[in-house]
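Sharing a structure, written as structure tokens. Questions coming.
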Amino acid sequence: MQPISTMTNTSLSEKSLNNGTSDIEKEDLGDEISLEPYDPSKISIDHQNVNLGSIIENLQHNEIRLDPEFQRLGDLWSDSKKSQLIESILLGLPLPSFYFSEEDSGRWEVVDGLQRLSTFKSFIVDKTLSLHGLEFLKEYEEKKYDDLSREDKRKISGFKVNLYLIKKQTPKNVKFLIFKKVNTGGIILTPQEMRHALNQGTPAILIKELAESDEFKKATDNKVPSKRQEDRDFVNRFVAFYILGYTDKYGGNLDEFMNTGMGEISKLRENELNSLRENFKAAMTLSHKVFYRDAFRKKLTPKDNRKPISKALYDSISVNFAWLSSEERKKLLFKREEFKKNLMLLYADNEETFLKSISTGTASTTSVKNRFEKIKSIIIKTLASDN
């Protein structure tokens, strides 16, 4: 974490800005580099061909995480789609493979197959689903699990499925890569949902808490949705740069960096967690007070139309604000008009480097370093002025 005391010492056309109706600017990350090297010997994936009955037994004993807080909302299929899945099994049609990740506790996290598992739970475990909308087995309409014959129940429990279990010793960043490659179902995980899945406990709880804070909602004008964990993506981005910085530990892969940053939360002591929490909220409050409803939006001139929220502007401003001392924040707030003027001068710089760094190729090491240091420089300039 870098205090302001360690800080050291641009115009694109508006065509590069997203002027659509979305409240969040579509980000051009550029070409992210591949994962850092890892030890292949630590990758352990167990392939099994098992009876569906064994997976159902795991569901009955709560050994597979199906909590809607995990990954994304579960149980999203309609009853007819669920029914057609059960129909496929009764017809003996093959199912796609299931992918799980092993927690330290031994429980399984779902990587791919959540909707199918939710169907098995509602039909076989909870027994709340009545079959309807079937395409072939019309005689099974309105039947529940207990209405099936013993033969049909044996057919379901003995049905063979493939599963892949990513063992707990596999590095989290490699797990994250596997999540991205195999998550091909109808409802694909967002990167933040994957990070949430891999970083249960304190990291997931803290990110959720900060995303739901009044300070974050006020700073973003309540425009960042919680659906698909978009709000947590913003907070995770802040946390990664706040804890790890933007120089030595950032290698050009933003997804990997954010996953690492979220994992670092579990290493923080209680006083460090409290400091992170307080500085995040202070940064959000300062952002709102300085910019009001234009926080984290590209305002090139005082009369410029309101733009969508820029994630790249969000990370460079919010984290730099968080690294300030309480006295520095008070002084910057007092000089907010001068700070905003200096920010507009950055946008208008003939070298165009700052506006490029928050508009195109925003995940590159050059863009990240440029925008963080440019924001840092105008903070120093504003605080040092006699105006």
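Hydrogens, waters and symmetry mates play no part in the numbers below; they use all other heavy atoms, side chains included. Counting begins at 1 with the first residue of the sequence.
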Item to check | Spacing of Tyr246 atom OH and Ile375 atom CD1 [to the nearest 0.5 Å] | outcome: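 So the gap between those two atoms works out to 11.0 Å.
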Checklist entry - Looking at Ala283 and Ser318, what are the two nearest heavy atoms and their distance? => result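 So the minimum-distance heavy-atom pair works out to CB-O, 3.3 Å.
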Checklist entry - Does the pair Gln115 and Ser118 meet the rule for a side chain to side chain donor-acceptor pair (under 3.5 Å), with working shown? => result CA-CA 5 Å; Gln115 303 308 317; Ser118 296; 4.9 Å; no
Next on the checklist: When you group the ILVMFWY residues by side-chain heavy-atom contacts below 4.5 Å and let the links chain together, are Ile156 and Leu91 in the same group?
Outcome noted: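 Yes: a chain of side-chain contacts under 4.5 Å links Leu91 to Ile156.
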Checklist entry - How about Asn305 and Arg297: does a side-chain donor come under 3.5 Å of a side-chain acceptor? => result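 Not at all, the side chains of Asn305 and Arg297 share no donor-acceptor pair under 3.5 Å.
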Checklist entry - For residues Asn162 and His47, is any side-chain donor paired with an opposing acceptor at under 3.5 Å? => result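 Short answer, yes.
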Checklist entry - Without hydrogens or angle criteria, can the side chains of Ser275 and Glu272 be said to hold a donor-acceptor pair below 3.5 Å? => result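 No - no donor-acceptor pair under 3.5 Å links their side chains.
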Item to check | Side chains of Lys218 and Tyr292, donor plus acceptor under 3.5 Å | outcome: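 No - no donor-acceptor pair under 3.5 Å links their side chains.
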Item to check | salt bridge (charged side-chain N to carboxylate O under 4.0 Å, His left out) between Glu87 and Lys82, intermediate numbers included | outcome: CA-CA 9 Å; Glu87 182 183 39; Lys82 292 178 185 178; over 6 Å; no
Checklist entry - In Å, rounded to the nearest 0.5 Å, how long is the span from CG of Asn279 to NZ of Lys281? => result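 If we round to the nearest 0.5 Å, Asn279:CG and Lys281:NZ are 11.5 Å apart.
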Checklist entry - Say you draw a straight line from CG of Leu332 to CD1 of Ile378; how long is it, rounded to the nearest 0.5 Å? => result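 Taking CG in Leu332 and CD1 in Ile378, the distance rounds to 8.5 Å.
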Item to check | Electrostatic pair Arg293:Asp221 at N-O distance under 4.0 angstrom | outcome: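 Answer for the salt bridge query: yes.
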Checklist entry - In Å, rounded to the nearest 0.5 Å, how long is the span from CG of Leu313 to CG of Leu355? => result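 Here the rounded value is 9.5 Å.
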Item to check | Shared hydrophobic cluster for Phe216 and Ile205 (ILVMFWY, side-chain gaps under 4.5 Å) | outcome: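 Looking at the clustering, Ile205 is in a separate group from Phe216.
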Item to check | Nearest atoms (heavy-atom pairs only) where Glu215 meets Thr285 | outcome: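 That would be CG-OG1, 3.5 Å.
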Next on the checklist: If we count only N and O atoms by modelled type, under 3.5 Å, do the side chains of Lys298 and Ser359 hold a donor and an acceptor together?
Outcome noted: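 A pair is found: one side chain offers a donor N or O, the other an acceptor, under 3.5 Å apart.
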Item to check | Minimum-distance pair of heavy atoms, taken over all atoms of Leu383 and Glu328 | outcome: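 Minimum heavy-atom separation between Leu383 and Glu328: CD2-O, 3.7 Å.
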Item to check | Heavy atoms from other residues, nucleotides or ligands near NZ of Lys369 exceed 12 (cutoff 6.0 Å) | outcome: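 No, not enclosed.
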Next on the checklist: Before you tell me yes or no, could you show the steps for Leu206 and Leu210 under side-chain contact (heavy atoms from CB on, under 4.5 Å), namely the whole-Å CA-CA distance, both residues' side-chain angles and the distance that decides it to 0.1 Å?
Outcome noted: CA-CA 6 Å; Leu206 181 66; Leu210 297 182; 4.2 Å; yes
Checklist entry - Do Glu327 and Lys330 sit within salt-bridge range, that is, some charged N less than 4.0 Å from a carboxylate O? => result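 Lys330 and Glu327: salt-bridged.
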Item to check | Step-by-step salt bridge (charged side-chain N to carboxylate O under 4.0 Å, His left out) determination, Asp104 to Lys168 | outcome: CA-CA 6 Å; Asp104 290 338; Lys168 58 187 175 184; 5.7 Å; no
Checklist entry - CZ/Phe100 to OG/Ser97 distance, rounded to the nearest 0.5 angstrom? => result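 Going from the CZ atom of Phe100 to the OG atom of Ser97 covers 10.5 Å.
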Checklist entry - Does one side chain, of Asp46 or Tyr164, offer a donor that lies under 3.5 Å from an acceptor on the other? => result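 No - no donor-acceptor pair under 3.5 Å links their side chains.
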Checklist entry - Got a salt bridge between Glu151 and Lys155, using NZ or NE/NH1/NH2 to carboxylate O under 4.0 Å? => result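 Salt bridge: no.
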Item to check | Trace of the salt bridge (charged side-chain N to carboxylate O under 4.0 Å, His left out) decision for Arg107 with Glu102 | outcome: CA-CA 6 Å; Arg107 287 181 77 191; Glu102 184 181 33; over 6 Å; no
Checklist entry - So, Thr190 and Glu193: side-chain donor and acceptor under 3.5 Å apart, yes or no? => result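 Distance-only check passes for Thr190 and Glu193.
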Checklist entry - For Ser367, which residues count as a side chain to side chain donor-acceptor pair (under 3.5 Å) partner, sequence neighbours excluded? => result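 Scan of Ser367 (side chain to side chain donor-acceptor pair (under 3.5 Å), adjacent residues dropped) gives Ser364.
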Next on the checklist: Thr119 vs Lys81, test: side-chain contact (heavy atoms from CB on, under 4.5 Å). Steps then yes/no.
Outcome noted: CA-CA 9 Å; Thr119 297; Lys81 188 166 185 178; over 6 Å; no
Checklist entry - Relative to each other, are the rings of Trp323 and Tyr242 parallel, tilted or perpendicular (30° and 60° limits)? => result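 Correct class here is parallel.
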Item to check | Non-hydrogen atoms of Met284 and Ala219 that approach each other most closely | outcome: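 Between these two residues, the closest heavy atoms are O-CB, 3.4 Å.
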Checklist entry - Applying ring pair (Phe, Tyr, Trp, His ring centres under 6.0 Å), which residue pairs with at least one partner in residues 253-287 are found, sequence neighbours left out? => result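 Only Phe238-Phe280, Phe241-Phe257, Tyr250-Phe257 qualify under ring pair (Phe, Tyr, Trp, His ring centres under 6.0 Å).
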Next on the checklist: What I want to find out is whether Glu337 reaches Lys340 closely enough, with some N-O distance under 4.0 Å, to be called a salt bridge.
Outcome noted: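 Here Glu337 pairs with Lys340 in a salt bridge, since their nearest N and O are under 4.0 Å apart.
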Item to check | Enclosure of Lys138 NZ (heavy-atom neighbours >12, cutoff 6.0 Å) | outcome: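 Result for NZ/Lys138: enclosed.
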Item to check | With sequence neighbours excluded, residues passing side chain to side chain donor-acceptor pair (under 3.5 Å) with Asn271 | outcome: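 Counting only residues at least two positions away or on another chain, Asn271 forms no side chain to side chain donor-acceptor pair (under 3.5 Å).
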Checklist entry - Testing Arg232, Gln229, Met258 for side chain to side chain contact (heavy atoms under 4.5 Å, CB included) with Arg195, which one passes? => result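 Of all the options given, the one that passes is Met258.
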Next on the checklist: Here's one to test your reading of the geometry: is the NZ or CZ of Lys143 within 45 degrees of the ring axis of Tyr140 and under 6.0 Å from its centre?
Outcome noted: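 Yes, cation above the ring, under 6.0 Å and within 45°.
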Next on the checklist: Looking at Asp214, I'd like to know if its CG atom is crowded, meaning that more than 12 non-hydrogen atoms belonging to other residues, nucleotides or ligands lie closer than 6.0 Å.
Outcome noted: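 Not more than 12 within 6.0 Å, no.
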Checklist entry - When rounded to the nearest 0.5 angstrom, what distance separates CZ in Phe98 from CD1 in Ile64? => result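 Separation between the atoms: 8.5 Å.
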Next on the checklist: Less than 6.0 angstrom from the centroid, inside 45 degrees of the normal: does Lys153 satisfy that with respect to the ring of Tyr145?
Outcome noted: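 Yes, Lys153 and Tyr145 form such a contact.
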Checklist entry - Given the rule that I, L, V, M, F, W and Y join up when any side-chain heavy atoms are under 4.5 Å apart, are Leu286 and Phe334 in one cluster? => result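 Unlinked, Leu286 and Phe334 end up in two clusters.
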Item to check | Lys307 and Asp304 ion-paired at < 4.0 Å | outcome: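 Counted as a salt bridge, because a side-chain N and a carboxylate O are separated by less than 4.0 Å.
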Checklist entry - Passes side-chain contact (heavy atoms from CB on, under 4.5 Å), Arg65 versus Glu103? Steps please. => result CA-CA 10 Å; Arg65 185 189 295 274; Glu103 294 181 328; 2.4 Å; yes
Checklist entry - Can you find a heavy atom in the side chain of Arg306 that is under 4.5 Å from one in the side chain of Asp294? => result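 Counting from C-beta outward, Arg306 and Asp294 do come under 4.5 Å.
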Next on the checklist: Tell me whether the NZ or CZ atom of Arg329 lies within the 45° cone about the ring axis of Phe321 and under 6.0 Å from its centre.
Outcome noted: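 Geometry flag: not set, cation outside 6.0 Å or 45°.
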Next on the checklist: Under 3.5 Å, is there a donor on one side chain and an acceptor on the other for Lys335 and Ser385?
Outcome noted: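 Side chains of Lys335 and Ser385: pair found under 3.5 Å.
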Next on the checklist: Assess, by modelled atom type and distance only, whether the side chains of Asp231 and Ser226 contain a donor and an acceptor separated by less than 3.5 Å.
Outcome noted: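 There is no such pair between these side chains.
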